[in-house]
Protein chains: 2
Amino acid sequence: MIKLEALRVFVTVAESGNIKDAADAVGRTASAVSMTLKQLEDEIGGPLFQTDRKNSLTALGNLMLDLGREQIRSFDKSVSIMRAFAHSRIGSLSIASVPSVATNVLPPILQRFLETRPQVQVELFDIDSAQVRRMVESGVADIGIAGESRAGGGVEFTPLFSDRFKLLCKDNHDLCRLDRPVAWSDLNAATLIRNGASDRIEAEDYRQLSARSLITVYNVTSLVAMVKAGLGLTILPSLTMHGAHEGVAALDLADASASRQVGLVERRDVPPSPVAAAFRAFALKEIPALVAGQLGS
Amino acid sequence: MIKLEALRVFVTVAESGNIKDAADAVGRTASAVSMTLKQLEDEIGGPLFQTDRKNSLTALGNLMLDLGREQIRSFDKSVSIMRAFAHSRIGSLSIASVPSVATNVLPPILQRFLETRPQVQVELFDIDSAQVRRMVESGVADIGIAGESRAGGGVEFTPLFSDRFKLLCKDNHDLCRLDRPVAWSDLNAATLIRNGASDRIEAEDYRQLSARSLITVYNVTSLVAMVKAGLGLTILPSLTMHGAHEGVAALDLADASASRQVGLVERRDVPPSPVAAAFRAFALKEIPALVAGQLGS
DNA sequence: TTATCAATTTCAGAAGAATTGAAGTGGGCG
DNA sequence: CGCCCACTTCAATTCTTCTGAAATTGATAA
């Protein structure tokens with residue numbers, strides 16, 4: 001059986017023009033090289049060199065030099081692709097994330113992640129938590145970032161950080177003058193605008209307030225516009241409105257349980273690609289730190 | 001160092017879906033296959049299968065299956081090309097031959113030679129002996145067929161057959177009624193047309209006749225036309241006019257030394273390509289036999 | 001959950017292939 | 001004509017790969 005290693009030796013000899021130099025180049029003795037060459041000639045079925053001074057090739061030798069070089073080049077390239085993929089230097093990464101994280105957290109995280117992996121292709125989808133889970137479950141996204149969900153399904157949740165809800169209202173609202181965190185009871189008289197995120201709050205007092213609400217707005221930009229226009233106030237995770245909006249105030253809530261758990265969503269039983277695994281580890285280490293810094297400030 | 005053989009084993013396992021079948025397929029034990037796989041994973045830097053039941057690949061495994069298959073296919077193809085070339089089943093063969101042989105000898109020879117080598121590409125040049133040597137010497141032709149030459153040069157001559165000269169004249173010429181081979185002295189009164197081939201005859205009697213000749217024609221067809229038109233008579237190797245022309249007669253010459261040696265012309269010190277070597281051996285065996293049959297009839 | 005069974009892995013020894021250093025061969029140059 | 005250098009050959013050694021038995025693992029059924 002002809003081995004690629006034998007071709008490597010032959011090509012080196014053909015390029016050196018003699019066995020001694022080639023032997024040095026491949027780190028063997030001349031006799032080892034000589035035997036390899038002989039074996040190769042036997043297996044191919046003809047002489048590769050014109051004489052036993054290895055400085056001129058036969059027609060067969062020329063053909064084998066061309067083909068051999070090409071095989072070696074191609075094999076080495078394949079191996080380097082395999083290794084690059086295994087070490088997550090190449091590959092593609094599809095991330096599905098809720099908009100708050102996609103907007104406020106992912107940009108610096110991705111930038112640093114890609115600094116050492118300039119060849120990785122990234123796709124980022126910003127969609128709501130339910131769709132994040134759906135995309136991960138169906139395999140469209142390699143990894144998701146979303147709020148925690150009760151139903152397990154085919155996906156697994158790993159917490160990254162927790163994000164307290166805040167009250168969003170016009171900055172001239174009466175509540176702004178309260179010198180303490182806002183209690184649910186403070187909102188009895190207020191007009192509450194519901195949104196996709198706040199529906200997750202399980203406190204009974206909030207549920208009752210929410211049930212009375214007549215407006216629901218899913219898009220954050222629209223929601224803030226409504227609040228700014230004075231249609232009412234709303235409850236949002238603090239990260240969602242990070243970066244403060246003109247004319248609206250974000251007030252702390254007294255109920256410490258009013259928070260959402262944000263974490264990674266991954267497919268169960270399907271191992272991540274190397275890039276996805278690398279991103280997972282990176283996210284798990286960097287996102288909590290980054291968010292702590294952002295929410296603390 | 002990753003070996004192509006390891007990729008072969010991996011591809012087989014990936015295609016079988018389990019180690020046992022793959023081990024049977026490659027003719028090894030399951031444990032050998034298992035170890036090869038483990039080593040491959042170590043060298044690539046990641047797992048190839050989702051579990052140790054080898055029925056589902058990781059993303060890395062899929063990539064390696066694709067790349068590995070391609071490498072194996074390409075390597076095997078290269079090797080088969082090398083072998084085919086070494087065994088002269090493929091390759092190209094450039095033959096330079098004097099017209100008489102190209103016309104009367106080579107067609108059946110080449111046909112039989114190519115019967116077992118349908119992929120071999122042949123080029124055939126019919127030119128005079130001097131140019132045959134030149135083409136062989138310059139490497140344009142792999143092998144030549146020509147009359148013997150005194151000067152050695154960079155080429156070597158191997159006799160194939162010898163070919164006696166004959167006298168060509170109109171079939172109503174006086175000489176046709178001679179009931180014996182024609183002697184040089186019979187031609188003293190005749191008009192001789194010289195040609196490229198007959199200049200090789202070294203007999204002094206002929207040289208004198210030739211020196212008196214006023215016309216030289218190199219092309220055989222033209223030469224025959226001249227003779228037929230009655231311009232004179234000429235001396236040609238018998239093979240050259242094999243297949244008799246209407247209206248002209250070929251008469252035996254008394255001088256047995258008036259013959260040419262036809263043989264193979266090859267480059268000295270440059271080994272022939274496998275096809276050329278095969279053709280050389282074939283020609284050396286078959287051409288003398290074929291010519292003996294043709295000239296005998 | 002535990003028992004069972006087959007596939008896979010691990011291990012140590014065996015077989016085989018490649019490598020080495022020394023001795024032998026042969027072609028080219030003074 | 002003989003020396004010299006490169007290559008080849010040879011036998012011993014080392015390294016790799018393989019095997020068969022035992023241990024482990026994971027899936028399936030009780």
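Below, chains carry the letters A, B, ... as their sequence lines are ordered, and counting in each starts from 1.
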Atom pair distance, as rounded to whole Å: CG in B:Leu4 and C1' in D:dT17: 17 Å

Gap between atoms CD and C1', on B:Glu43 and D:dT16 respectively (whole Å): 12 Å

Phosphate OP1/OP2 of D:dT16 contacted by B:Lys3 side-chain N/O (<4.0 Å): no

Any donor-acceptor N or O pair under 3.5 Å, side chains A:Gln71, B:Ser78: yes

Distance below 4.0 Å between A:Gln39 side-chain N/O and C:dA18 OP1 or OP2: yes

Nearest heavy-atom neighbours spanning A:Ser97 and A:Leu124: CB-CD1, 4.3 Å

Nucleotide D:dC15, atom P - distance to CZ of A:Arg28 in whole Å: 11 Å

Separation of atom CD in B:Glu5 from atom P in D:dT16, rounded to whole Å: 17 Å

Where protein sits on nucleotides 3-10 of chain D, one letter per nucleotide: B base, S sugar-phosphate only, - none, heavy atoms under 4.0 Å: --BSSSBB

SB check A:Glu202 A:Arg207 (cutoff 4.0 Å): no

Near-ring test A:Phe113/A:Phe279, centroid separation under 6.0 angstrom: yes

SB check A:Arg73 A:Glu70 (cutoff 4.0 Å): yes

Reported CD-to-CZ distance for the pair B:Glu5 and B:Phe10, which is rounded to 0.5 angstrom: 15.0 Å

Whole angstrom value for the distance that separates C1' of C:dA18 from CG of A:Leu40: 15 Å

